[in-house]
Amino acid sequence: MSDPIPPSPGNLALSRKEDFKAFADAPRRDQPELLTMAALKGLDDGARAAYDRLRRERHANLGPVRTPQLAELHEDLWDIVDSNVQDGDKAKGAVAVDAFPGLGKTTSVLAFLREFHRREIAEEGEWTADGHERWPVCRVGLTGNTGMKDLNRAMLEFFGHPGRARGTTAQFGHRALDCVLSCEVRVLALDDLHFLRWRASSGIQVSNHLKWIANEFPVTLVMIGVGLADKGLFSEGGHGADAALAQTGRRTTRLGMRPFTIDTEAGRREWRQMLLALEQRIVLADKHPGMLADDLSDYLFARSTGHIGSLMTLINRGCQRAVRCGEERLSLDLLDGVKNDEASERARKELHAALETRRLTSRPRRGGTRVA
Ligand SMILES: Nc1ncnc2c1ncn2[C@@H]1O[C@H](COP(=O)(O)OP(=O)(O)O)[C@@H](O)[C@H]1O
Ligand SMILES: [Mg+2]
């Protein structure tokens with residue numbers, strides 16, 4: 001689970017192709033050297049400030065970890081994307097990555113897109129036969145209340161198309177299609193698609209628009225969002241006159257992302273692997289093997305309820321505090337002072353009670369006995 005895989009995009013907005021390329025080409029972030037407490041105390045002020053800065057950045061970017069969730073999603077995406085390399089006008093299968101927030105959809109899909117971009121450029125070269133720049137991936141992140149025109153414009157923004165300032169929805173759409181064709185885009189990823197204005201007055205319009213993209217763009221369409229199924233993306237036209245969307249739905253494979261769970265031995269083992277992977281990446285002078293995986297396993301599960309987003313927030317903030325206050329290790333006391341997001345805090349209280357009474361544990365057995 002600790003394979004070196006891409007750095008997280010950091011502060012890149014990834015809304016333009018140059019940003020995406022920088023993300024795809026970035027080398028792996030180096031882990032700052034782990035110093036002993038004595039060596040740490042021996043640093044002069046300047047060296048200490050520089051070291052702490054490196055560690056701040058490291059702890060803010062511990063991922064992505066190659067979790068089973070990420071690995072499974074990647075396998076499915078490779079299957080679908082590679083089987084879409086068929087000639088002619090056969091409509092290609094689309095993908096919907098549909099899961100609650102904070103489960104790693106964006107992170108995992110970006111890691112896939114990065115690998116895909118690198119593979120395609122390595123195999124096909126930076127230029128198309130017609131002399132255009134090759135862009136195997138077009139990736140657009142939607143923001144609040146996006147309409148069809150904004151979606152088309154966002155694609156043009158990605159390519160830096162000069163015609164992105166002015167035009168109708170249809171014109172923007174055709175320009176985007178031009179870019180996709182000339183840059184030989186293979187995967188079009190639309191992140192946070194739930195921000196698209198759906199039902200209000202324009203449900204049919206959205207349906208038709210997605211159908212148009214799915215039919216006309218020779219790409220694997222990867223739609224990412226929360227509650228896409230509820231929006232009728234996969235319905236077979238059951239309610240209303242949404243035949244257009246139903247057609248897209250039949251060609252769309254739904255992929256989920258699951259939280260970590262501790263109600264089976266396999267689940268507990270995955271959780272432990274995750275904590276072990278994080279332990280290795282943390283750069284705190286007084287850390288010890290088992291700091292997370294043995295000593296804090298139940299506690300971290302309760303506070304995150306198995307959601308990777310909450311876990312990573314907590315670990316990141318905890319590490320920042322451990323450096324700042326000189327404790328140089330993560331402990332229950334220290335983490336208790338660190339705030340996490342609301343959703344996990346609410347779920348935490350319930351779970352905490354169950355773990356307290358030992359009805360539940362997050363730790364796997366080892367050779368029949370539970371690891372204490
Ligand atoms: N595989 C991973 N390894 C490490 N951190 C991850 C991983 N997946 C997600 N995260 C962290 O969890 C948080 C939420 O992930 P994100 O991809 O934004 O979720 P979503 O798109 O499903 O809302 C991010 O801060 C991200 O850094
Ligand atoms: Mg996201």
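Since the model is a prediction, treat every value here as computed from it, not as a measurement. Both ligands and their constituent atoms are indexed starting at 1 by order of listing. If you read the sequence from its start, that first residue is 1, and numbering goes on from there.
- Residues Thr143 and Asp192 are not in side-chain contact: their nearest non-hydrogen atoms beyond the backbone lie 4.5 Å or more apart.
- Listed by number with element, the atoms of ligand 1 under 4.0 Å from a non-hydrogen atom of Val65 are 1 (N), 2 (C), 3 (N), 4 (C).
- Near Gly309, the atoms of ligand 1 lying under 4.0 angstrom from a non-hydrogen atom of the residue are 12 (O), 13 (C), 14 (C).
- Not one N or O of Ser108 is nearer than 3.5 Å to an N or O of ligand 1, by distance alone.
- Listed by first and then second residue, the ring pair (Phe, Tyr, Trp, His ring centres under 6.0 Å) pairs involving residues 123-180 are His174-Trp212 (not counting sequence neighbours).
- Between the CD atom of Glu72 and the CG atom of Asp76 there is a distance of 7.5 Å, given to the nearest 0.5 Å.
- Each of the atoms 19 (O), 22 (O) of ligand 1 lies under 4.0 Å from some heavy atom of Leu103.
- Some N or O of Gly102 is nearer than 3.5 Å to an N or O of ligand 1, by distance alone.
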Considering only distance and modelled atom types, tabulate donor-acceptor pairs under 3.5 Å from the side chains of residues 315-325, sequence neighbours left out.
from	atom 1	to	atom 2	distance (Å)
Asn316	OD1	Gln320	NE2	2.8
Arg317	NH1	Lys339	O	2.9
Gln320	NE2	Arg56	O	3.2
Arg321	NH1	Gly337	O	3.4
Arg321	NH2	Gly337	O	3.2

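- Ligand-side atoms of ligand 1 in range of Gly63: 4 (C), range being under 4.0 angstrom from any heavy atom.
- At a cut-off of 2.8 Å, Thr107 is not counted among the residues with an N, O or S atom near the Mg ion (ligand 2).
- Contacts between Lys105 and ligand 1, counted as non-hydrogen atom pairs separated by less than 4.0 Å, involve both the backbone and the side chain.
- The residues Arg268 and Glu265 are annotated as salt-bridged, a charged nitrogen and a carboxylate oxygen being separated by less than 4.0 angstrom.
- Remark: among candidates Thr107, Val109, Val226, the nearest residue to atom 9 (C) of ligand 1 is Thr107, based on non-hydrogen atoms.
- No salt bridge links Arg58 with Asp30; every basic N to acidic carboxylate O contact stays at or beyond 4.0 Å.
- Side-chain contact between Ile262 and Asp298: absent, with no pair of heavy atoms (C-beta onward) separated by less than 4.5 Å.
- Of the candidates Thr106, Asn61, Asp191, the one placing a heavy atom closest to atom 18 (O) of ligand 1 is Thr106.
- Between Gly104 and ligand 1, at least one N/O pair is under 3.5 Å apart.
- The two residues Gly163 and Arg175 come nearest to each other via the heavy atoms O-NH1, 2.6 Å.
- Close contacts of ligand 1 with Pro101, meaning ligand atoms under 4.0 Å from a residue heavy atom, involve 23 (O).
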